[in-house]
Amino acid sequence: MFALVDCNNFYASCERVFDPSARDVPVVVLSNNDGCVIARSPEAKAIGVRMAEPAFKRKGFFARHGVRVFSSNYALYGDMSRRVMDTLGRFTPRMEVYSIDEAFLHLKPTPDRSLQAQASEMRETVRRWTGITVSVGIGPTKTLAKVANRIAKNTPKMHGVCDLSCSTNLGKVLEGVHVSDVWGIGRRITKKLAAVGVTNARQLRDLPDPWVKKRLTATGLMTVWELRGRSCIPLEDAPASKKAIVTSRSFGKPVTTWTQMREAVTAYTARAAEKLRAQNGVAGQLMVYLLTNPHRPELPQYSNSRTVRLPVPTDHTPTLLAAAGDATSAIYKAGFSYKKAGVMLTDIQNADARQLSLLDLTAAPAAGKVPSSSSQNGVRQGQTTNQQESNQKSPQQDMPRQQALMQALDATNSKWGRDTVTYAATGLGRAWKMRQNHKSPRYTTNWEELPLVD
DNA sequence: TCTGGGGTCCTAGGACCC
DNA sequence: TCTGGGGTCCTAGGACCC
């Protein structure tokens, strides 16, 4: 059986664990840049704070109702998440960490302990060990476990656990679930379904396969089968490595100069490269995009992106920085007020595979052998050729040195904190840095910010 | 003044090949 | 006059998730 464990109001709950003054009052957590509401305590929900609301529109409301406002503190949430997941891992050998606050588990009933009993004990243990309250939903498929979890969360008398694994009136249960609350059914599909009179999960379950396949595609059909109790989405024990790595941020203040834009893209690229190395990957392609603020239609609007194919897949930050710099200068236009930029690394392979292709490359003296689909990606031919030349000076000699440097960089930043060592091109002022005016201390991950006990 | 960030999968359609 | 069929790869766009 599948169990879905989900932390209740996770970010808001994390803030409360270390700040008792935030208990029993409405709490909201804001997105990066203190932009939108992304987490709410039950009290905040009760007074009508909605998810994804822009915070600036509610400033007065928050003040009047004594709402405690926090900036996102991912160092704290990430560490609390790890504690919760470690605790859950003691209850099963098979578990998939699905998001920062959710995990799917395989649970088996035993003669002396029902699934319900196991789930309750798990829930109590997590609460005692981490201070976080979770809800547990159990079902024969992931989709039904999700349904069960939702019911557990919304039905106080269930005390946080709902077991649908052998429910005899599943049809009745599904009748009470709106299609938009089914995992995999989003806004668009909800509309499509409403057009044919389907509004609850039971109706969705009972639709004919051919109609579903045609109108909702193969993914929709899987959802329907899962609602019928046929498991189609397996538990992914081992986290798959990422096929794309994105680092993007909205700017704290609009960026209007090339210098600032280059700093920002440099910083994002360096961060993306760190993530890439953390999963032992090399990227074959890099994309930079930038855009103005679409919420200000009265201002001149511009957005563009540029993809660069790297001559050799790499995880070497300076090489990636050079490519990102070329891409940025190709699309940056002066005279606009930029709101956001991002860097995406794609065509990611395992770094060990890279070694083999590098040997191939060095064995063949002709530089022209390097595969290049640059014309497809809009890269100017001259630029690509230059990179090939600069990279091929002596890859065999450079590689170990490059790797050693990157390892030292990552190790230093891991030990002493992010950005202990950074590239000068990321700038010192960082005027574009995101706003975080309400950030709580990194209670659990920074010695300087440990909570003090009197 | 102020509106997040990071992913995955599927499909359709075009290019190209034999 | 007449103009195949099957396959692969790539990309853009749509849709979903948290």
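Quick note: numbers below take in every heavy atom, side chains included, and nothing from hydrogens, waters or symmetry partners.
- The CD-P distance, from A:E236 to C:dC18, rounds to 16 Å in whole Å.
- Salt bridge A:E53/A:R50: present, at least one basic N to carboxylate O contact under 4.0 Å.
- A:Y268 places its OH atom 14 Å from the C1' atom of B:dG6, with the value rounded to the nearest Å.
- Taken together, the paired segments of DNA chain C that extend over three or more consecutive Watson-Crick or G-U pairs, each closer than 3.5 Å at both contacts, are B:5-18 with C:5-18.
- By the 4.0 Å N-to-carboxylate-O rule, A:R16 lies close enough to A:E43 to be salt-bridged with it.
- At distances below 3.5 Å, at least one donor-acceptor pair connects side-chain atoms of A:D34 with backbone N or O atoms of A:N437.
- Here the P atom of nucleotide B:dG6 and the CE atom of A:M287 are 12 Å apart, to the nearest Å.
- Judged as a ring pair (Phe, Tyr, Trp, His ring centres under 6.0 Å), and not counting sequence neighbours, A:H159 has no contacts.
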Distances under 3.5 Å between nitrogen or oxygen atoms of protein and nucleotides 2-4 of chain B:
residue, atom, partner, partner atom, Å
B:dC2, OP1, A:R296, NH1, 3.3
B:dC2, OP2, A:R296, NH1, 3.0
B:dT3, OP1, A:K339, NZ, 2.0
B:dG4, O4', A:S31, OG, 2.8

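- Taking 4.5 Å as the limit, every side-chain heavy atom of A:R262 sits out of range of all side-chain heavy atoms of A:T328.
- Near DNA chain C, defined here as any heavy-atom distance below 4.0 Å, the residues from residues 176-191 of chain A are A:V182, A:W183, A:G184, A:I185, A:G186, A:R187, A:R188, A:I189, listed numerically.
- The pair A:D347-A:R309 counts as a salt bridge, with a side-chain nitrogen and a carboxylate oxygen less than 4.0 angstrom apart.
- With contacts defined as side-chain heavy-atom distances shorter than 4.5 Å, the pair A:F251/A:N33 does not qualify.
- At a threshold of 4.0 Å, the pair A:R82-A:D79 counts as salt-bridged, since one of the basic side-chain nitrogens sits closer than that to a carboxylate oxygen.
- Here salt bridge (Lys or Arg N to Asp or Glu O under 4.0 Å) pairs that include residues 237-261 of chain A, with residues two or more places apart or in two chains, are A:R94-A:D237.
- Judged by distance alone, the side chain of A:Q260 and the main-chain N or O of A:R430 form no donor-acceptor pair under 3.5 Å.
- For the pair A:Y77 OH and C:dC18 P, the computed distance is 19 Å after rounding to whole Å.
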Response to the item:
Protein-proximity profile, nucleotides 7-15 of chain B, B/S/- by nucleotide at the 4.0 Å heavy-atom cutoff, equals SSSSS----

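- Ion pairing between A:R418 and A:D410 fails under the 4.0 Å rule for side-chain N and carboxylate O.
- Between A:E226 and A:R228, no side-chain nitrogen of the basic residue sits less than 4.0 Å from a carboxylate oxygen of the acidic one, so the salt-bridge criterion is not met.
- Residue-level contact check: A:K192 touches neither bases nor backbone, having no heavy atom under 4.0 Å from any strand.
- The aromatic rings of A:F2 and A:F104 sit perpendicular, their planes meeting at an angle over 60°, well past the 30° parallel limit.
- Using a 4.0 Å heavy-atom distance criterion, A:E53 is classed as making no nucleic acid contact.
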